[in-house]
Amino acid sequence: MPKIGRMLQLGFIHSNREKVLEGLKKKNFQDLELVDKIIASDDLRKNLQFNTEELLAKRNAASKAIGALIAEGRKEDAEAKKAEVSAIKETIDNYALQLAEVEALVDGMLVRLPNLPNERVPEGKSADDNTVIRQHGEIPQLHDGAVPHWDLITKYDLVDFQTGVKITGSGFALYKGKGAKLQRAMIQYFLDHNIAGGYTEYMPPYVVNTASAYGTGQLPDKEGQMYHMAIDDLYLIPTAEVPVTNIYRDEIIPSASLPVKMTAYTPCFRREAGSFGKDVRGLNRVHQFDKVEVVQMAEASTSYDVLEEMVLHVEKLIQSLGLPYRILLLCGGDMGFASAMTYDFEVYSAAQERWLEVSSVSNFESFQSNRMKIRTKDENGKTQLLHTLNGSSLALPRILASLLENYQTPEGILIPEVLRPYFGADMIA
RNA sequence: GGAGAUUUGUCCGAGUGGUUGAAGGAGCACGCUUGGAAAGCGUGUAAACGGGAAACUGUUUCGAGGGUUCGAAUCCCUCAGUCUCCGCCA
């Protein structure tokens, strides 16, 4: 485990034990005893740290004195002093060892603690308990003989799953011809939409180190869900959020540069073990998919305004594609590990007759910035943790699925107006 | 991948074992000066983690980790980044 710094969260846990427990319960976190274990271990840690530092201070003072004595030529006094320091050395080493152990213990427990939900997050155990904030767009009436996207994909030769299996394995799609071009068109259009919204485009590495994966909270929580390259101890990114947020790891951002708004297109890699049936059919769930992400870093006082702004930004994008969608406020039990509040966007997939999640917009408050030490200076010159936020704008495969299904006609698949300049045609026939 | 050089604060840069968290400069902030600005002068200018109501104070940090030593930016080891040459390569 990389060093992620002594967490400021500790002070909060100490003085808000009840609140922390309450929040964890809302998030459906099972291992509630962890909180008291952390508090106890941290008390021990402080104690050890105090004792250790006291001895270190003593040693430093004595060592300085030795230097002075030697300078004065009082060799014997210096030797006597040396013996004195040597005597406490063993104790120091002993303490330091214990301290390191306890620190590792505390850190190890702390990284397993999820973020607390915002007060406004509703109670609930699962996706069934999410709140629909609003719904928009007509559910299209499909013509007779309308089919799900996996059949359309075959019919128009847009994606070749069999060959993807041959090349790699199941869940790896081979986009082809118009299918590949439509992907590229969407990526380009989504990025342009984000740039117009004030986001700066980035092309980050698609592979990250463990420090980055810890920073955004993928580790240790989602260890098994990322592809790991053992030889180099690197991870394939599950989302652009990881490299993009880590751009500012260990940085102090001048307040004049806030909020930081970034966007990036990347492929995303997810192992997603243990799903089956209609959930993974066609493009519903794949191991590698394309996504355009938006990330913001904002001052704590404004982060919930920023969250709403990001929701509107994504909403406009979906609207422009003419897809029926709804926005959900996730309940405590359905939220991600690192999030304090999450809105999910779902588009309607007319032939499957179900909602598909295409975006997730979250405020992480200081959970990620605490791990990554992303800070700013306030008016008083004090360093303050920033809040980090991110959202998909958008995840492509399910958008493609729903575009194909909703826009199918007996003559072919209509391309939404906004994509036509990028795609170079108004129909796939 | 091989060989050599290098890695110091916001930046440049000094520093080969003893008040060095770090000279000097630049930048930045504040103050003085000025009709105003520039120049000039003065002062200040890292973070993390502790103790303390606070003033203040302790520890750690000179690429990262380990070691030697009473004491390390300075010596040793391992790893990483950068640069140059060679090799390989889109």
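Naming convention: chains lettered A, B, ... in sequence-line order (proteins, then strands); numbering from 1 in each chain.
With both ends at atom C1', the span from B:G52 to B:G42 equals 33 Å, rounded to whole Å. Nucleotides B:U43 and B:C49, compared at atom C1', are 29 Å apart to the nearest Å. Rounded to the nearest Å, the gap between the P atom of B:C76 and that of B:C85 is 28 Å. Remark: the separation of the C1' atoms in B:G66 and B:C86 is 32 Å, to the nearest Å. Spacing of P atoms, B:C75 relative to B:U19, comes out at 16 Å, to the nearest Å. Nucleotides B:G81 and B:U16, compared at atom P, are 28 Å apart to the nearest Å. On the P atoms, B:G35 is 26 Å away from B:A26, given to the nearest whole Å. One P atom belongs to B:U33, the other to B:U20, and the distance between them is 35 Å to the nearest Å.
Whole-Å rounding puts the A:K46 NZ to B:U59 C1' distance at 16 Å. When rounded to the nearest whole Å, the span between CD of A:E90 and P of B:U69 equals 13 Å. Nucleotide B:U60 holds its P atom 17 Å from the OH atom of A:Y95, rounded to whole Å. Distance CG (A:L48) to P (B:C49): 18 Å, rounded to an integer number of Å. Atom NZ in A:K75 sits about 14 Å away from atom P in B:G18, given to the nearest Å. One can place CG of A:D232 at 10 Å from P of B:G81, the figure rounded to the nearest angstrom. A straight line from CD1 of A:I253 to P of B:U10 spans 15 Å, rounded to a whole angstrom. Following rounding to the nearest Å, A:R375 (CZ) and B:A47 (P) show an atom-to-atom distance of 8 Å.
Comparing A:K377 and A:L56 by the nucleotide of RNA chain B whose heavy atom lies nearest to each, the residue mapping closer to the 5' end is A:K377. Comparing A:I252 and A:A57 by the nucleotide of RNA chain B whose heavy atom lies nearest to each, the residue mapping closer to the 5' end is A:I252.
Judged by Watson-Crick or G-U wobble contacts below 3.5 Å, the nucleotide B:U20 has no partner. Both distances falling under 3.5 Å, in either a Watson-Crick or a G-U wobble arrangement, occur for no nucleotide opposite B:A37. The partner of B:C88 cannot be assigned: no Watson-Crick or G-U wobble pair with both contacts below 3.5 Å exists in any strand. Both distances falling under 3.5 Å, in either a Watson-Crick or a G-U wobble arrangement, place B:A5 opposite B:U82. The base-pairing partner of B:C56, taking Watson-Crick or G-U wobble contacts with both distances under 3.5 Å, is B:G51. Nucleotide B:A72 forms no Watson-Crick or G-U wobble pair with any nucleotide shown, as no partner meets the under 3.5 Å limit on both distances. A 3.5 Å limit on both hydrogen-bonding distances identifies B:G25 as the Watson-Crick or G-U partner of B:C11. When both pairing distances are held under 3.5 Å, B:A46 makes a Watson-Crick or G-U pair with B:U61.
Taking the six-membered ring where the residue is Trp, the centroids of A:Y304 and A:H387 are separated by 6.0 Å or more. A:F337 has its ring centre less than 6.0 Å from the ring centre of A:F367.
Distance alone, capped at 3.5 Å, places no donor-acceptor pair between the A:N28 side chain and the A:G333 backbone. The backbone N or O of A:I252 sits nowhere less than 3.5 Å from a side-chain atom of A:R375 that would complete a donor-acceptor pair. The backbone N or O of A:S360 lies less than 3.5 Å from a partner atom in the side chain of A:S392, making a donor-acceptor pair. At least one donor-acceptor pair under 3.5 Å links the side chain of A:K181 to the backbone N or O of A:F423. The backbone N or O of A:E293 lies less than 3.5 Å from a partner atom in the side chain of A:T263, making a donor-acceptor pair.
Scanning atom types as modelled, one donor and one acceptor separated by under 3.5 angstrom connect the side chain of A:E53 and the base of B:G58.
In this structure, A:T52 reaches neither bases nor backbone, as no heavy-atom distance under 4.0 Å exists between it and the strands shown.
At a threshold of 4.0 Å, the pair A:E53-A:K58 does not count as salt-bridged, since none of the basic side-chain nitrogens sits closer than that to a carboxylate oxygen.
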Could I get a table of every N or O pair under 3.5 Å where one atom is in the protein and the other is in nucleotides 70-74 of chain B?
| unit_1 | atom_1 | unit_2 | atom_2 | d |
| --- | --- | --- | --- | --- |
| B:C70 | O2' | A:S63 | OG | 3.0 |
| B:C70 | N4 | A:K82 | NZ | 3.4 |
| B:G71 | O4' | A:S63 | OG | 3.1 |

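Contacts classified as salt bridge (Lys or Arg N to Asp or Glu O under 4.0 Å) and involving residues 25-36 of chain A (residues at least two apart or in different chains) are given here: A:R17-A:D36.
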